[in-house]
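Report on the structure given below.
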Amino acid sequence: MGDETSTSIAPQEQESTVRAGSVKQQLSRLVLSSLRATVPDVEVEPMVEVSAKFADYQCNNAMGLWSKVKGSGTSFKNPNAIGQAIAKNLPSSDIIESTSVAGPGFVNITLSNRWVAQRIQDMLVNGIKTWAPTLPVKRAVIDFSSPNIAKEMHVGHLRSTIIGDTLARMFEFSNVDVLRRNHVGDWGTQFGMLIEYLFEQFPNWKEIGSQAIGDLQIFYKASKHKFDNDPEFKARAQQGVVRLQGGEEKYREAWKKICDISRSEFDLVYKRLNVVLEEKGESFYNPYIPQVLEELNNKGLIKESEGARVIFIQGHQIPLIVVKSDGGFNYASTDLTALWYRLNVEKAEWIIYVTDVGQQQHFDMFFSAAKMAGWLPDPSEKKFPKTSHVGFGLVLGSDGKRFRTRSTEVVRLVELLDEAKSRSKSELQQRLTENGKIVDWTDEELEQTSEAVGYGAVKYADLKNNRLTNYTFSFEQMLSDKGNTAVYLQYAHARICSIIRKSNKDVEELKMSGAISLDHPDERVLGLYLIRFAEVVEEACTNLLPNVVCEYLYNLSEMFTKFYTNCQVVGSPEETSRLLLCQATAVVMRQCFNLLGITPVYKL
């Protein structure tokens with residue numbers, strides 16, 4: 001990359017850099033200070049990236065700056081000269097060991113080993129939370145899972161639930177107040193059908209309660225069959241919707257009963273996945289719809305079209321219908337009202353919707369309507385509040401088609417998760433029996449470990465992919481202990497815990513009295529990767545991509561393996577330092593598991 005010029009930066013003991021935010025954020029602050037000194041008249045954002053080859057990080061501002069200042073009477077002769085000035089103007093800091101400038105002004109930055117070691121030690125003493133990144137928002141709504149009442153949750157809901165929970169966990173770790181919203185479909189035409197069928201089949205439904213409905217799926221199919229084949233029943237059902245929405249007591253009670261039964265079904269899935277949600281379904285926003293539509297109408301956005309009331313969106317051939325021709329409300333009216341509520345009542349700065357990619361057009365249109373109403377700034381301004389649609393692809397079976405059971409019915413999630421657990425348990429029992437360790441395990445430990453490994457495998461198999469792609473559901477692949485799987489990573493974590501246990505040293509005492517050194521190249525590589533944790537979480541949050549955390553976790557386990565292969569831990573002169581590196585790796589791995597909603601296991 002051309003000739004290099006090096007500069008050494010002595011650590012400034014008296015002026016230690018504030019350890020706020022990720023390493024990248026801290027270096028960006030130093031670079032920003034240098035840019036202001038180098039080109040005081042040019043507004044520019046620092047461009048700091050991890051450098052794979054020439055140093056630890058790299059500042060890439062010089063070429064962009066040269067294109068802005070050349071020909072303006074600047075004293076700089078070329079981009080390299082700007083790079084030299086950026087390096088020279090970096091404030092003194094104990095973070096940076098040295099800098100060098102290469103080629104057209106790339107500023108290569110090498111971190112101080114002492115600072116990296118101290119940062120890891122500080123995390124061990126003060127906790128992983130001190131490595132939380134700083135995000136530009138204080139409060140976010142994450143709208144995820146959101147199944148329809150009286151219908152089975154399917155694998156699409158599984159993806160939304162897993163991805164949404166991980167995003168919520170990442171934002172919560174980053175000190176954002178997250179409103180986890182379950183926007184269930186609890187209000188619509190299907191309820192007239194369900195309620196009238198309940199009244200017809202079980203006139204005494206109040207006395208026999210849940211037994212009247214029994215299996216909600218069978219009940220739903222039976223009522224739908226009657227709705228499709230009995231015109232008189234269909235008319236009653238349509239009238240039933242009107243009576244429910246008009247607030248008639250008998251209909252409200254039946255509606256509430258059906259919702260409660262459905263919720264208890266959903267909760268079986270949420271309990272297994274260890275997911276917490278606060279329900280605010282479609283019905284919650286119903287009372288606010290008229291005033292929101294009135295506001296949009298007063299702004300001249302709502303037009304009459306073929307008997308319906310619509311908003312015309314530039315770039316879309318079809319309009320956004322907000323009141324149907326029969327006077328009823330729909331998804332768009334509810335979604336616009338929910339967004340209004342989240343912005344004005346809940347004061348959220350970032351509203352994130354986690355649904356399949358098939359709904360992209362709907363979100364594009366209703367976000368555009370919100371911008372037309374002046375609720376949201378123009379996206380090019382990069383200001384808050386903002387909305388994001390987190391789309392995801394399909395779950396496929398081994399035949400490459402949408403994942404279903406043999407009878408073409410959608411797979412029941414509870415059964416799917418229970419099968420993951422039972423397969424995990426039988427594999428664990430077989431392995432422990434073969435190596436003679438089954439006697440060391442209690443039934444409770446077997447049960448808890450099978451659950452953590454089984455459910456964790458399902459989550460990780462989903463999260464490790466870029467969410468926009470389809471992925472193939474395979475128990476064999478997800479429960480394999482080879483390659484990039486949750487099972488492999490659980491083994492890697494358990495092995496680190498075993499190394500620490502076998503040392504017979506008290507790590508809690510060591511982290512207060514011992515010190516970390518990074519003299520061996522593999523120690524340094526591991527240490528550098530550990531301190532990148534915060535910027536990885538920041539990137540995953542900024543781009544709403546959980547697979548970034550999965551990739552980091554897998555790479556970390558691979559780097560640890562290389563370190564452990566080349567650096568003797570127990571019984572070496574560097575035992576204390578290396579045990580602390582083992583502990584730091586285990587702590588960071590556990591936090592990654594936590595962000596992914598996976599329970600770590602300490603022995604396998």
Side-chain angles (χ1 to χ4, degrees), residues 144-145 155-170 173 269-270 272-275 354 390 392-396 398 403 411 413 416-425 427-428 448-497 533 536-537 539-541 544-561 585-586 588-602 604:
F144 66 104
S145 192
V155 283
H157 294 122
L158 181 68
R159 289 210 79 180
S160 177
T161 305
I162 290 171
I163 293 167
D165 179 55
T166 289
L167 291 175
R169 286 168 178 268
M170 294 191 311
F173 175 70
V269 174
Y270 298 143
R272 281 163 175 75
L273 293 173
N274 190 24
V275 169
V354 187
V390 173
F392 54 81
L394 297 172
V395 182
L396 306 176
S398 55
F403 188 51
V411 179
L413 292 193
L416 192 77
L417 294 167
D418 287 350
E419 185 174 348
K421 177 188 167 181
S422 87
R423 283 180 181 234
S424 161
K425 188 172 185 178
E427 284 181 25
L428 181 60
Q448 287 176 346
T449 303
S450 307
E451 218 165 82
V453 172
Y455 298 160
V458 173
K459 289 185 177 188
Y460 191 82
D462 188 321
L463 294 166
K464 75 176 181 181
N465 305 289
N466 182 310
R467 56 178 167 74
L468 292 167
T469 59
N470 299 338
Y471 92 95
T472 302
F473 191 98
S474 161
F475 281 123
E476 287 74 22
Q477 285 178 358
M478 63 178 63
L479 290 167
S480 167
D481 59 2
K482 310 246 175 341
N484 187 7
T485 67
V487 183
Y488 168 78
L489 294 165
Q490 292 276 28
Y491 273 111
H493 173 256
R495 187 170 62 139
I496 298 173
C497 296
F533 170 73
V536 167
V537 178
E539 182 193 340
C541 289
L544 304 171
L545 290 173
N547 62 297
V548 170
V549 173
C550 298
E551 191 181 334
Y552 173 83
L553 175 57
Y554 180 67
N555 289 341
L556 179 61
S557 74
E558 295 287 89
M559 284 178 189
F560 179 83
T561 300
T585 306
V588 171
M589 285 187 80
R590 283 198 283 276
Q591 188 56 47
C592 289
F593 282 134
N594 183 273
L595 296 177
L596 301 171
I598 296 171
T599 305
V601 296
Y602 291 76
L604 263 176

Rounded at 0.5 Å granularity, tell me how far [atom1] in [X] sits from [atom2] in [Y].
X: L596; Y: T166; atom1: CG; atom2: OG1; answer: 5.5 Å
X: E419; Y: S424; atom1: CD; atom2: OG; answer: 12.0 Å
X: F533; Y: L595; atom1: CZ; atom2: CG; answer: 5.0 Å
X: D481; Y: L489; atom1: CG; atom2: CG; answer: 11.5 Å
X: Q591; Y: N594; atom1: CD; atom2: CG; answer: 5.0 Å
X: I162; Y: F392; atom1: CD1; atom2: CZ; answer: 10.0 Å

With a 4.5 Å heavy-atom cut-off, do V395 and L158 have their side chains touching?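 Answer no - side chains too far apart.
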
Dump the intermediate steps for side chain to side chain contact (heavy atoms under 4.5 Å, CB included) on R590 and Y602, then the final yes or no. CA-CA 10 Å; R590 283 198 283 276; Y602 291 76; 3.0 Å; yes

Side-chain donor-acceptor distances from residues 454-462 under 3.5 Å, at least two apart:
residue : atom : partner : partner atom : Å
K459    : NZ   : L273    : O            : 2.6
K459    : NZ   : G597    : O            : 2.7
Y460    : OH   : N484    : OD1          : 2.5
Y460    : OH   : C550    : O            : 3.2
D462    : OD1  : R159    : NE           : 3.1
D462    : OD1  : R159    : NH2          : 3.0
D462    : OD2  : R159    : NE           : 3.2

Mind listing the closest non-hydrogen atom pair of [X] and [Y] along with its distance?
X: M589; Y: L556; value: CG-CD2, 3.9 Å
X: Y488; Y: S557; value: CE2-OG, 3.6 Å
X: V549; Y: V536; value: CA-CG1, 4.2 Å
X: P600; Y: Q490; value: CA-OE1, 3.4 Å
X: R495; Y: T561; value: NH2-OG1, 3.3 Å
X: F475; Y: L416; value: CZ-O, 3.6 Å

Stepwise side chain to side chain contact (heavy atoms under 4.5 Å, CB included) check, I496 with F560: CA-CA 9 Å; I496 298 173; F560 179 83; 3.5 Å; yes

Going through the checks in order, is the side chain to side chain contact (heavy atoms under 4.5 Å, CB included) test met by F403 and L394? CA-CA 8 Å; F403 188 51; L394 297 172; over 6 Å; no

Going by side chain to side chain contact (heavy atoms under 4.5 Å, CB included), name the residues that satisfy it together with [X], two or more places apart in sequence or in a different chain.
X: N274; value: R169
X: T449; value: L428, W441, V453, V601, L604
X: L545; value: N466, R467, N543, N547, V548
X: E551; value: N555

Looking at R423 and E427, is any side-chain nitrogen of the basic one under 4.0 Å from a carboxylate oxygen of the acidic one?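 Judged by the 4.0 Å cut-off on N to carboxylate O distance, E427 and R423 do not form a salt bridge.
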
Does S480 use its side chain to pair, donor to acceptor, with the backbone of Q477 at less than 3.5 Å?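 No; judged by distance alone, with no hydrogens or angles, the pair does not exist.
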
Under 3.5 Å: donor-acceptor pair, side chain of T161, backbone of S145: no

Excluding sequence neighbours, so at least two apart, what forms side-chain hydrogen bond (donor to acceptor under 3.5 Å, both in side chains) with D418?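 D418 satisfies side-chain hydrogen bond (donor to acceptor under 3.5 Å, both in side chains) with R272 once adjacent residues are dropped.
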
Determine whether I163 and L463 satisfy the following criterion, side chain to side chain contact (heavy atoms under 4.5 Å, CB included), listing intermediate values before the conclusion. CA-CA 7 Å; I163 293 167; L463 294 166; 4.1 Å; yes

